[in-house]
A.B. asks: 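Next up is a structure, given as structure tokens.
Since this is a predicted model, take the numbers as computed values, not measurements. Here is how names work: the chains are called A, B, and so on, in the same order as the sequence lines, proteins then strands, and each is numbered from 1.
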Amino acid sequence: MSMAVRVQTADFEVGGELAALRAGDARVGAVVSFVGTVRDLNADARVTEMTLEHYPGMTEQALDAIVAEAKGRFDIYDALVIHRVGPLAPADQIVLVAVTSAHRGEAFDACRFIIDYLKTEAPFWKKEQTPQGARWVDARASDDEAAARWRDTKHTTSKA
Amino acid sequence: MNDTATPATLTVQVVYLARLREAFGASSERLPLQGISADALTVADVLAALASRGGVFATELAAGRAVRVAVNHALVSLDARVRAGDEVALLPPVTGG
């Protein structure tokens, strides 16, 4: 199991990444992915450009820890996280989370767990350029709540 | 001679990220800390030393402000131990994904 995480400025091609993730593994019956993209509107302002900053040295380590936690909680075979950094434009891809499993339930749950935790635990920051000037994006309480849901609830899918 | 009980100058590497880097006008600095014994230094002590500078440091690091701290790349709580030479990073709330 590779459980890869990548932080890169380059774009990624989802179809090729998903094909590579499950290549040669006929145990896989479900591939679930999440792609986050740049919106052109946030908090009532036009977004003309966005810059993703991270904390080199800590980022990969934090993503590895989140993926390892997902593997401990869910019956998954493999997982991939790609997160872009640097300047991005509206409609650009930001992040890919992909998970393979025997069945869809575990794959959906694990994929959601990883993106929910990434949003509150991984050291990335967005700075938006708007017609009114540049601004750092505020963290959302709803993201904390999404991660807290996983913290407080035991995984309920049957593992029998 | 008991070095661990002797208050001395301990130096840590402080890293400021994203909004805090812009607010403080620096991405990192070496921070000497005095008057704290080597076996008792915590994250809270580092934050207090920075806040005692006043100005934007006091504002950004005031109690209740949402700043998280990573020591040597791992997120820790305020009572976590810090040792000489550690990298202590101050992180605003993260907004990736």
A.B. asks: How about Arg104(A): does its CZ atom have over 12 heavy atoms from other parts shown lying under 6.0 Å from it?
C.D. replies: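 Open: at most 12 neighbouring heavy atoms sit under 6.0 Å from CZ of Arg104(A).
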A.B. asks: If you measure from CZ on Phe124(A) to CG on Leu91(B), what distance do you get to the nearest 0.5 Å?
C.D. replies: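 If we round to the nearest 0.5 Å, Phe124(A):CZ and Leu91(B):CG are 12.0 Å apart.
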A.B. asks: For Arg21(B), is the CZ atom crowded, meaning more than 12 foreign heavy atoms sit under 6.0 Å from it?
C.D. replies: yes
A.B. asks: Check the hydrophobic clustering (I, L, V, M, F, W, Y; side-chain heavy atoms under 4.5 Å; chains of links allowed) and say if Val85(A) and Ile114(A) are grouped together.
C.D. replies: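 Same hydrophobic cluster.
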A.B. asks: Within the side chain of Thr95(B), is there an N or O that forms a donor-acceptor pair under 3.5 Å with the backbone of Lys126(A)?
C.D. replies: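 Checked: pair present.
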A.B. asks: Going hydrophobic residue to hydrophobic residue with side-chain gaps under 4.5 angstrom, can you get from Val81(A) over to Leu88(A)?
C.D. replies: yes
A.B. asks: Which of the residues Pro123(A), Gly36(A), Ala62(A), Gly57(A) is involved in the greatest number of heavy-atom pairs with chain B at under 4.5 angstrom?
C.D. replies: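 Between Pro123(A), Gly36(A), Ala62(A), Gly57(A), the count favours Gly57(A).
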A.B. asks: What part of Ala70(B) is in contact with chain A, defined as an atom under 4.5 angstrom from a non-hydrogen atom: side chain, backbone, both or neither?
C.D. replies: side chain
A.B. asks: If hydrophobic clusters are built by linking Ile, Leu, Val, Met, Phe, Trp and Tyr wherever their side-chain heavy atoms come under 4.5 Å apart, do Tyr16(B) and Val137(A) end up in the same one?
C.D. replies: no
A.B. asks: Taking atom CZ of Phe108(A) as the centre, does the number of heavy atoms from other residues, nucleotides or ligands within less than 6.0 Å exceed 12?
C.D. replies: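 Open: at most 12 neighbouring heavy atoms sit under 6.0 Å from CZ of Phe108(A).
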A.B. asks: Among Arg140(A), Arg84(A), Glu121(A), who wins on heavy-atom pairs under 4.5 Å with chain B?
C.D. replies: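 Most heavy-atom pairs within the cutoff with chain B belong to Glu121(A).
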A.B. asks: State whether the number of non-hydrogen atoms from other residues, nucleotides or ligands found under 6.0 Å of Arg135(A) atom CZ is greater than 12.
C.D. replies: yes
A.B. asks: Under a 4.5 Å cutoff for heavy-atom pairs, which residue among Lys127(A), Met58(A), Gln61(A) has the most contacts with chain B?
C.D. replies: Met58(A)
A.B. asks: Under a 4.5 Å side-chain heavy-atom rule over Ile, Leu, Val, Met, Phe, Trp and Tyr, are Val14(B) and Val71(B) clustered together?
C.D. replies: yes
A.B. asks: Is there a donor-acceptor pair under 3.5 Å between the side chain of His83(A) and the backbone N or O of Gly97(B)?
C.D. replies: yes
A.B. asks: What heavy-atom pair brings Val94(B) and Lys119(A) nearest, and what distance separates the two atoms?
C.D. replies: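 It is CG2-O, 3.4 Å.
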A.B. asks: Roughly how far, to the nearest 0.5 Å, is NE2 of His73(B) from OH of Tyr55(A)?
C.D. replies: 3.5 Å
A.B. asks: State whether the side chain of Trp125(A) and the backbone N or O of Arg19(B) hold a donor-acceptor pair below 3.5 Å, judged by distance alone.
C.D. replies: no
A.B. asks: By a 4.5 Å heavy-atom criterion (distance strictly below it), what part of Asp138(A) contacts chain B: side chain, backbone, both, or neither?
C.D. replies: backbone
